[in-house]
Protein chains: 2
Amino acid sequence: MNSDFSIAVHCVTYLAKKQNQRVTSEDIAQSVSVHPVRLRKILSTLRKENIITSKEGAKGGFSLNDPPEHITLDKIFKITSEETLVPKCPDSNENCPIGKNLSDILIRIFHNAEEHFLNYLKGVTIKDIIDEINNS
Amino acid sequence: MNSDFSIAVHCVTYLAKKQNQRVTSEDIAQSVSVHPVRLRKILSTLRKENIITSKEGAKGGFSLNDPPEHITLDKIFKITSEETLVPKCPDSNENCPIGKNLSDILIRIFHNAEEHFLNYLKGVTIKDIIDEINNS
DNA sequence: ATAAACTGTAATCATTATTATTACATTTAG
DNA sequence: CTAAATGTAATAATAATGATTACAGTTTAT
């Protein structure tokens, strides 16, 4: 798994803290310690999923669409990292009854496990994170 | 995440199918399509956790310790892949209140999410997998 | 209308993680 | 004593991730 998810959460949290302001990728990059181009790629997917809005050009930047208490982590996880929990299986031997079927079976099992995982993340909002930050 | 977990499940399932026989890493490698040395490394960790027994030397090999219905996937996952769900966070800016705290908070959240994930895997045994293979 | 400050994105390079392979020590059966 | 195994370290090859460069397009302000 790459770190797109945690970077995305960082971005959204950052934007939530600066609600009603427009923030540049350069600015966010300062906080996350990640190259602005990479951030823009991640922010771009968040935009396509209507989590944030971007504005090009001078005085442009990014801003949150919804209040932090409405943004749950499962959504961000789905956008950035869906399916990454499902393990890669080596392409096992087609002539072996175990190898032949195991991959499909494991994928199914992991799908279910991932749902339990996401279900927990659904209960955590960006506001929860901000509250935790404020209390620490 | 690497594919150690799915390889380990494959190995254990294979050994379960050949209960009371001793199987070589070469033999398992045929089914999994993975290099025997890599298998032995993974099998070695399973041995240390008492999932399987190995015997060196001629006529040596690997065998299962317990009946398949007693082996749950969460155990195998813990052995091979514990903590791999917790996202890597870039070392973010210490001078930024968000960056400073977010990493710890995310790690905590993911710990909890992983528990839900494992809890589901705890309900799946190697016997379940064998049954699925037999029915397909 | 043009310069400056942005986003959007493709392409390349560097780094890291994963996997395969080689080599060899050790153990055991026959 | 030899052949067939495991155990494991070291190296090499491949794949994934991440940083950087380059540049096109958009918008603001002068």
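In this text, all values refer to a predicted model and were calculated from it rather than measured experimentally. All chains are named by letter (A, B, ...) in the order of the sequence lines, taking the proteins before the strands, and each is independently numbered beginning at 1.
Between C:dT9, D:dT17, C:dT7, one nucleotide has an atom nearer to the side chain of A:N2 than all others, and that is D:dT17. Of the candidate nucleotides D:dT28, D:dG18, D:dT21, D:dT28 has the atom nearest to the side chain of A:K55. Taking every side-chain heavy atom of B:H35 into account, C:dT22 is the closest of C:dT22, D:dT6, D:dT21. Of the candidate nucleotides D:dT27, C:dT26, C:dC6, C:dC6 has the atom lying nearest to any side-chain atom of A:T24. In the set C:dG8, D:dG18, C:dT28, D:dG18 carries the atom at the smallest distance from any side-chain atom of A:D4.
Each of A:I7 and A:E56 was matched to the nucleotide of DNA chain D holding its nearest heavy atom; the match closer to the 5' end belongs to A:I7. Heavy-atom nearest nucleotides on DNA chain D were determined for B:V37 and for A:V34, and the one closer to the 5' end corresponds to B:V37.
Looking at B:R108 and A:E132, a side-chain N of the basic residue comes within less than 4.0 Å of a carboxylate O on the acidic one, giving a salt bridge. Note on A:D131 versus A:K127: salt bridge recorded, some NZ/NE/NH1/NH2 to OD/OE distance being below 4.0 Å.
The nearest whole Å value for the distance from the CZ atom in A:R40 to the P atom in C:dA10 is 13 Å. The NZ atom of A:K41 sits 13 Å away from the C1' atom of D:dA16 (whole-angstrom rounding). Regarding B:L43, its CG atom lies at a distance of 8 Å from the P atom of D:dG7, rounded to whole Å. Nucleotide D:dG18 holds its P atom 11 Å from the CE atom of A:M1, rounded to whole Å. For the pair A:L46 CG and C:dG8 P, the computed distance is 11 Å after rounding to whole Å. Across the protein-nucleic acid pair, A:F5 atom CZ and D:dT17 atom C1' stand 18 Å apart, rounded to whole Å. The nearest whole Å value for the distance from the CD1 atom in A:I28 to the C1' atom in C:dT7 is 12 Å. Computed from coordinates, the B:K59 NZ to D:dT2 C1' distance equals 14 Å when rounded to whole Å.
OP1 and OP2 of C:dG8 both lie 4.0 Å or more from every side-chain N or O belonging to A:S44. Checking the phosphate oxygens (OP1, OP2) of C:dG8, a side-chain nitrogen or oxygen of A:S54 falls inside 4.0 Å. The phosphate of D:dG7 has OP1 or OP2 within less than 4.0 Å of a side-chain N or O from B:R47. The phosphate of C:dT19 has OP1 or OP2 within less than 4.0 Å of a side-chain N or O from B:R38.
Within a 6.0 Å sphere centred on CD of A:E69, heavy atoms belonging to other residues, nucleotides or ligands number more than 12. The number of heavy atoms from other shown groups lying within 6.0 Å of CD (B:E26) does not exceed 12.
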- request: Using the ring pair (Phe, Tyr, Trp, His ring centres under 6.0 Å) rule, take B:F110 and A:F117 through it: C-alpha gap first, then chi angles, then the decisive distance, then the call.
  value: CA-CA 9 Å; B:F110 259 67; A:F117 184 89; 5.4 Å; yes

